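Data first, discussion second: the structure below is written as structure tokens.
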Amino acid sequence: MRQALRGLTTRGRAFVAAGITASLCALLLGQKDLLRVGILLVALPVVAALVVGRTRLRLQVRRSLAPDQVPVGTQATVELALSNQGRMPAGLLLLEDRIPYVLGHRPRFVVDRVSPNWRRTVTYSVKSDVRGLFQVGPLMLTVADPFGLVETSRTFTRSQHLLVTPRVYRLPEIRLGADRAGSGENRPRAIASAGEEDATVREYRDGDDLRRVHWRSTARRGELMVRREEQPWQSRCAMFLDARTISHHGHGPSSSLEWAVSAAASVGIDRIRRGYATTMLGGPTTLSAITHRTSASVHQPLTTQQLLTECATVEEHKYAEIGPLLTVDRHTHDPSLVIAILGACSSEDVTSLNRWRTSQAIGVALLLDAASWAVGAEATEKAARLTAAADATENELRRSGWRVARVRRGDHLPTVWSGLGLRSGRIA
């Protein structure tokens with residue numbers, strides 16, 4: 001009852017105030033009819049609060065989100081299955097599902113009357129033009145009387161998450177010369193010295209090349225043994241995404257950061273599909289590793305789903321230099337291919353990138369010309385300086401052995417990527 005009285009609407013409070021005022025005036029003026037009106041005005045909100053307060057709803061909500069992961073600009077459908085498990089009817093209900101405004105307007109549904117064993121299913125669509133991980137729900141239920149004098153709200157606890165991933169492009173197949181230069185747990189083993197042959201051989205299996213037979217171990221064990229030195233050698237790719245605030249320009253989906261994030265997702269998925277053990281630096285996992293002074297979490301190769309989640313949740317950060325973002329990768333196996341997606345960089349940043357890239361690794365850089373994303377007065381004031389800085393960065397990277405693709409606003413990623421293959425002279 002107290003909660004219901006606290007839920008008096010503006011109309012309900014106006015009724016109470018008018019009723020008290022009328023009653024006082026009636027007592028002062030000796031007007032019995034006015035007193036009856038005053039008592040009625042006060043009684044209506046009290047009776048409404050009593051009715052709403054005694055409403056005992058057992059409303060059950062089941063939510064389904066299909067699909068729960070979509071690219072930017074794609075719709076997802078939310079379905080709410082509502083049912084009243086109690087025996088008491090209820091009056092007017094207002095249902096509102098809480099969603100971020102980037103997914104659209106908050107959906108509201110009005111139900112005139114809820115009877116025992118009542119069931120209803122409602123659906124609505126959500127769509128986002130920006131990537132991210134968004135919470136859908138929880139549902140808020142508002143119970144009101146027919147006169148709109150009292151409202152009480154209750155919030156359900158369950159919600160779901162919608163992952164909006166960046167746009168992913170299918171890249172043309174180019175050969176970068178790093179397909180067989182990887183390292184790691186599948187590194188080919190050298191033939192051991194005398195007395196250690198057993199550690200590098202295994203039993204013969206149907207289909208094994210007889211040239212791989214290790215005759216000394218075969219003679220010792222009495223069964224055919226072959227060398228393990230020709231195990232497959234998995235290639236490794238290390239990516240870096242420059243998400244620093246000082247490196248990018250533009251706002252919203254058309255900013256240079258969003259182009260870079262889309263490129264990171266596309267290139268990373270392309271490498272994973274081609275059999276590379278792929279890691280990425282510069283995303284939320286890297287920042288978390290720096291904060292907690294651990295780097296174990298960024299050493300594990302990413303799956304396609306993990307990479308999409310990383311890219312979907314990338315945010316700009318205020319690191320001034322690239323160096324701290326690359327130090328967390330010191331203990332990983334040497335990659336055969338390193339890919340850097342860069343915004344505006346300084347000479348110190350290029351030095352850090354060269355230190356991160358080993359001499360055996362092939363380096364590929366997608367260098368975004370930040371000046372082309374600057375707009376308005378920002379473009380006029382900074383265009384010349386940013387362009388000169390990008391020219392210097394490109395020259396430094398090329399002198400250090402990187403393959404560089406200069407990216408300007410409006411460039412199509414597959415075209416940029418195929419250009420790297422043309423410059424290398426080797427297109428698969």
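Nothing here was measured: the structure is a model prediction, and the numbers come from that model.
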Separation between CD1 (Ile341) and CE (Met280), nearest 0.5 Å, reads 8.5 Å

Taking the six-membered ring for Trp, are Trp356 and Phe240 parallel (under 30°), tilted (30 to 60°) or perpendicular (over 60°)?
perpendicular

Could you tell me whether the side chain of Ile99 reaches within less than 4.5 Å of the side chain of Tyr124, counting heavy atoms only?
yes

Taking Arg406 for its side chain and Glu394 for its backbone only, find out whether a donor-acceptor pair lies under 3.5 Å.
no

Taking NE2 in His412 as the centre, count heavy atoms belonging to other residues, nucleotides or ligands within less than 6.0 Å. Is the count above 12?
yes

List the steps, then state whether side chain to side chain contact (heavy atoms under 4.5 Å, CB included) holds for Thr123 with Leu80.
CA-CA 6 Å; Thr123 61; Leu80 299 174; over 6 Å; no

Answer yes or no: is there a side-chain heavy-atom contact under 4.5 Å between Leu353 and Leu326?
yes

Using modelled atom types and a 3.5 Å cut-off, is there a donor and acceptor pairing between side-chain atoms of Thr278 and backbone atoms of Pro301?
no

Distance in Å, Leu133 CG paired with Leu162 CG, rounded so as to fall on 0.5 Å steps
8.0 Å

Any non-hydrogen side-chain atom of Glu223 less than 4.5 Å from a side-chain atom of Thr218?
no

Flag the pair Leu342 / Ile322 as yes when at least one side-chain heavy-atom distance between them is below 4.5 Å, and no otherwise.
yes

Any side-chain donor paired with an acceptor under 3.5 Å for Gln305 and Gln69?
yes

Verdict with supporting geometry, Arg409 and Asp369, salt bridge (Lys or Arg N to Asp or Glu O under 4.0 Å)
CA-CA 8 Å; Arg409 184 174 184 176; Asp369 192 344; over 6 Å; no

Any chance you could measure Leu141, atom CG, to Leu95, atom CG, to the nearest 0.5 Å?
5.5 Å

For Ala392, enumerate each residue passing the side chain to side chain contact (heavy atoms under 4.5 Å, CB included) test, keeping only those at least two apart in sequence or located in another chain.
none

Tell me whether Ser418 contacts the main-chain N or O of Pro414 through its side chain, where contact means a donor paired with an acceptor under 3.5 Å.
yes

Measuring from Asp68:CG to Gln160:CD, what's the distance to the nearest 0.5 Å?
7.5 Å

Have Trp259 and Asp411 got a donor and an acceptor in their side chains that come within less than 3.5 Å?
no

Check the pair Glu258, Arg167 against salt bridge (Lys or Arg N to Asp or Glu O under 4.0 Å), reporting the backbone distance first and the verdict last.
CA-CA 9 Å; Glu258 294 308 310; Arg167 193 179 306 278; over 6 Å; no

Do Asp349 and Ser346 pair up side chain to side chain, a donor and an acceptor below 3.5 Å, judged on atom types alone?
yes

Tell me, with the steps shown, if Leu366 and Leu413 meet side chain to side chain contact (heavy atoms under 4.5 Å, CB included).
CA-CA 10 Å; Leu366 300 181; Leu413 177 60; 4.2 Å; yes

Should Leu325 and Leu281 count as side-chain neighbours, where that means a heavy-atom distance under 4.5 Å?
no

Could you grab the distance from atom CH2 of Trp373 to atom CG of Leu257, nearest 0.5 Å is fine?
10.5 Å

Looking at Pro284 and Val314, what are the two nearest heavy atoms and their distance?
CD-CG2, 3.9 Å

Correct closest heavy-atom pair for Ser256 and Leu368 would be O-CD2, 3.3 Å

Any ion pair linking Arg63 and Asp97 (charged N to carboxylate O, less than 4.0 Å)?
yes

Give a yes or no answer on whether the side chain of Arg13 reaches the backbone of Leu8 with a donor-acceptor pair at less than 3.5 Å.
yes

For Ile339 and Cys237 the tightest heavy-atom approach is CD1-SG, 3.8 Å

Residue pair Phe134 / Val126, side-chain heavy-atom distance below 4.5 Å:
no

Using a 6.0 Å cut-off, check whether atom CZ of Arg11 has over 12 heavy atoms from anything other than its own residue.
no

Any donor-acceptor pair under 3.5 Å linking the side-chain atoms of Glu310 with those of Thr285?
yes

For the pair Ser247 (side chain) and Ala344 (backbone), establish whether a donor and an acceptor sit closer than 3.5 Å, ignoring hydrogens and angles.
yes

Does Arg106 count as lying over the ring of Tyr101, i.e. NZ or CZ under 6.0 Å from the six-ring centre, within 45 degrees of the axis?
yes

Is the shortest side-chain heavy-atom distance between Pro138 and Thr157 below 4.5 Å?
no

Kindly determine whether Arg244 and Cys345 satisfy side chain to side chain contact (heavy atoms under 4.5 Å, CB included), including the steps that lead there.
CA-CA 10 Å; Arg244 298 173 299 164; Cys345 293; 4.1 Å; yes

Minimum heavy-atom separation for Asp129 to Gly73, with atom names?
OD1-CA, 3.8 Å

Treating Thr245 as the side-chain partner and Glu316 as the backbone partner, does any N or O pair qualify as donor plus acceptor under 3.5 Å?
no

How many angstroms lie between CD in Glu173 and CG in Asp270, if you round to the nearest 0.5 Å?
8.5 Å

Check whether any side-chain N or O of Ser400 sits under 3.5 Å from a backbone N or O of Glu396 as a donor-acceptor pair, and report yes or no.
yes

Return yes if a side-chain donor-acceptor contact under 3.5 Å exists between Thr142 and Ser153, otherwise no.
yes

Could you check whether atom CZ of Arg62 has more than 12 heavy atoms from other residues, nucleotides or ligands sitting under 6.0 Å from it?
no

Nearest heavy-atom neighbours spanning Ser83 and Arg119:
CB-NH1, 3.7 Å

Residue pair Ile362 / Arg357: nearest heavy atoms and the distance that separates them
C-NE, 4.1 Å

Okay, side chain of Ser128, backbone of Val130: is any donor-acceptor separation there less than 3.5 Å?
yes

Any donor and acceptor pair, going by atom type alone, linking the side chain of Arg131 with main-chain N or O of Ala312 inside 3.5 Å?
yes

Show your reasoning for whether side chain to side chain contact (heavy atoms under 4.5 Å, CB included) applies to Met239 and Val267.
CA-CA 9 Å; Met239 293 198 328; Val267 173; 4.0 Å; yes

Give a yes-or-no answer on whether the side chains of Ser352 and Glu321 include a donor-acceptor pair shorter than 3.5 Å.
no

Would you check if the side chain of Ser266 reaches a backbone N or O of Tyr169 as a donor-acceptor pair within less than 3.5 Å?
yes

Mind checking whether Phe109 and Leu94 have side chains closer than 4.5 Å, heavy atoms only?
no

